[in-house]
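One structure is given here, and the rest of the page talks about it.
Keep in mind the model is a prediction, meaning the values are calculated, not measured.
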Amino acid sequence: MRRTACSLVFLALLPLALPAQRLELAPPGIAPATAAPDGRWCFGMKLRPRDRCANFTLLEIGARLRASGNTDHSTRDPAHAYPRLEDHGYLALGLAHRVARRSALGVVGEVARGGGEREAIGVRFDQQLGEVPRLDLTAGVMRVETHQRGVTRRRWANGTFVDGAVRANDLLVLQARVEHVPGDGGLVKPASATFVGMRVEGGGAVKTTLVAATILAALELYLFFFGGD
C-alpha cells in the first residue's frame with residue numbers, strides 16, 4: 001500500500017518537475033524577446049520592439065507651406081512691423097531618450113529660412129504606432145523675423161508653436177503646424193498661421209542633403225563656365 005501511494009505521488013509531481021528541468025537546462029545566452037533597450041545611441045528614431053537603442057540623434061530636413069492664418073501685412077503704417085509667417089524650409093537637430101518600449105521624449109532645435117527667418121526649440125514626444133508608422137508631437141517657443149516698411153534692420157518677434165507629424169518612412173513624413181506670435185502691443189503686430197509640410201529624416205535626410213548639395217554644386221559649375229554664353 002505504501003509503495004502504491006509513493007508511486008501515485010511521484011506521478012502527480014512529474015509534470016511539475018519536467019518544466020522546471022527544462023527551464024534549468026535552457027541555454028543562458030538566449031535573451032528574452034522583451035529585452036530592455038541598452039545604452040547605445042542610434043542615428044534617427046528607432047522605436048520598434050526589436051530595436052535596442054535607448055538614445056537617439058535626430059536630423060530632419062523639410063519644407064512647410066502656409067495653409068491659413070491671420071496676419072496684417074499692411075505696410076501703410078511704418079511704425080509697426082509684422083511677423084513673416086510664410087512658406088519656409090528648415091533644418092532640425094535634436095536628441096531623444098527612450099522612456100518606454102514604443103515611446104521617446106526629446107528636445108529638437110530648428111533653423112528655418114524662406115518666408116521669414118525663424119529659430120525654434122521644442123520638446124518632442126514620439127510614439128511608435130506600428131512596424132513603420134510613428135506619431136511625433138512637438139511644442140515649444142520660437143522667434144521669427146518681422147517686416148517693416150523703410151527699415152533695413154529687421155526686428156525679431158517671439159512666439160510659440162505646436163506641430164504633429166506622421167511618419168510613413170524616412171523619406172515621407174507628413175506634418176501640420178500652428179504658429180502664434182502675440183506681438184508686443186507696440187511695435188510688432190500679432191500674427192498666427194497654420195502650415196502643412198513634409199520632411200525627410202535620419203538616413204533619408206543625409207542622402208537628400210548630399211544629393212541637393214551635388215546638384216547645386218553642378219549648377220554652380222555650369223553657370224560659372226557656361227553662364228556667359
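Partners of His180 according to the side chain to side chain donor-acceptor pair (under 3.5 Å) rule, which considers only residues two or more places apart in sequence or in another chain, do not exist here. Taking Glu117 as the reference, Arg113, Glu145, Trp156 meet the side chain to side chain contact (heavy atoms under 4.5 Å, CB included) condition, with sequence neighbours excluded. Listed by chain and number, the residues in a side chain to side chain contact (heavy atoms under 4.5 Å, CB included) with Asn70 are Ser192 (sequence neighbours excluded). Contacts of Phe161 classified as ring pair (Phe, Tyr, Trp, His ring centres under 6.0 Å), with partners at least two apart in sequence or in another chain: none. Residues that satisfy the salt bridge (Lys or Arg N to Asp or Glu O under 4.0 Å) test with Arg134, not counting sequence neighbours, are Asp126, Asp136, Glu201.
When all heavy atoms are compared, the tightest approach of Arg98 to Lys46 is NH1-O, 3.6 Å. Minimum interatomic distance between Gln175 and Tyr90 (heavy atoms only, all atoms of both residues): OE1-OH, 3.0 Å. For the pair Gly159 and Pro182, the tightest heavy-atom approach, listed with the atom from each and the gap, is CA-CD, 4.2 Å. Nearest heavy-atom pair across Leu171 and Asn169 is N-OD1, 2.8 Å.
Taken to the nearest 0.5 Å, the SG atom of Cys53 stands 12.0 Å off from the NE2 atom of His97. The CG atom of Leu93 sits 6.0 Å away from atom CG of Leu59, with the distance rounded to the nearest 0.5 Å. Here OG1 of Thr57 is found 7.5 Å from CZ of Phe43. Values are rounded to the nearest 0.5 Å. Separating the OG1 atom in Thr138 from the CG atom in Asp163 is a distance of 4.5 Å, to the nearest 0.5 Å.
Summarising the hydrophobic clusters (Ile, Leu, Val, Met, Phe, Trp, Tyr; side-chain heavy atoms under 4.5 Å, direct or chained), the residues clustered with Phe56 are Met45, Leu47, Leu58, Val108.
Of the residues Arg118, Arg66, Arg143, the one that meets the salt bridge (charged side-chain N to carboxylate O under 4.0 Å, His left out) test with Glu179 is Arg118. For the salt bridge (charged side-chain N to carboxylate O under 4.0 Å, His left out) criterion with Glu110, the lone passing option out of Arg199, Arg177, Arg124 is Arg177.
A salt bridge is absent between Glu86 and Arg64: the closest approach of a Lys/Arg side-chain nitrogen to an acidic carboxylate oxygen does not fall below 4.0 angstrom.
Criterion: ILVMFWY side-chain heavy atoms under 4.5 Å apart, direct or through other members. Under it, Leu172 and Val132 are not part of a common hydrophobic cluster. Linking Ile, Leu, Val, Met, Phe, Trp and Tyr whenever their side-chain heavy atoms come within less than 4.5 Å leaves Ile61 and Ile121 in two separate clusters.
Phe195 and His88 have perpendicular rings, their planes meeting at more than 60° on a 0 to 90° scale where under 30° would count as parallel.
Side-chain atoms of Gln148 and Arg155 form a donor-acceptor pair, as typed in the model, at a separation below 3.5 Å.
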Residue pair Val144, Leu85: steps toward the side-chain contact (heavy atoms from CB on, under 4.5 Å) verdict = CA-CA 8 Å; Val144 62; Leu85 303 183; 4.0 Å; yes
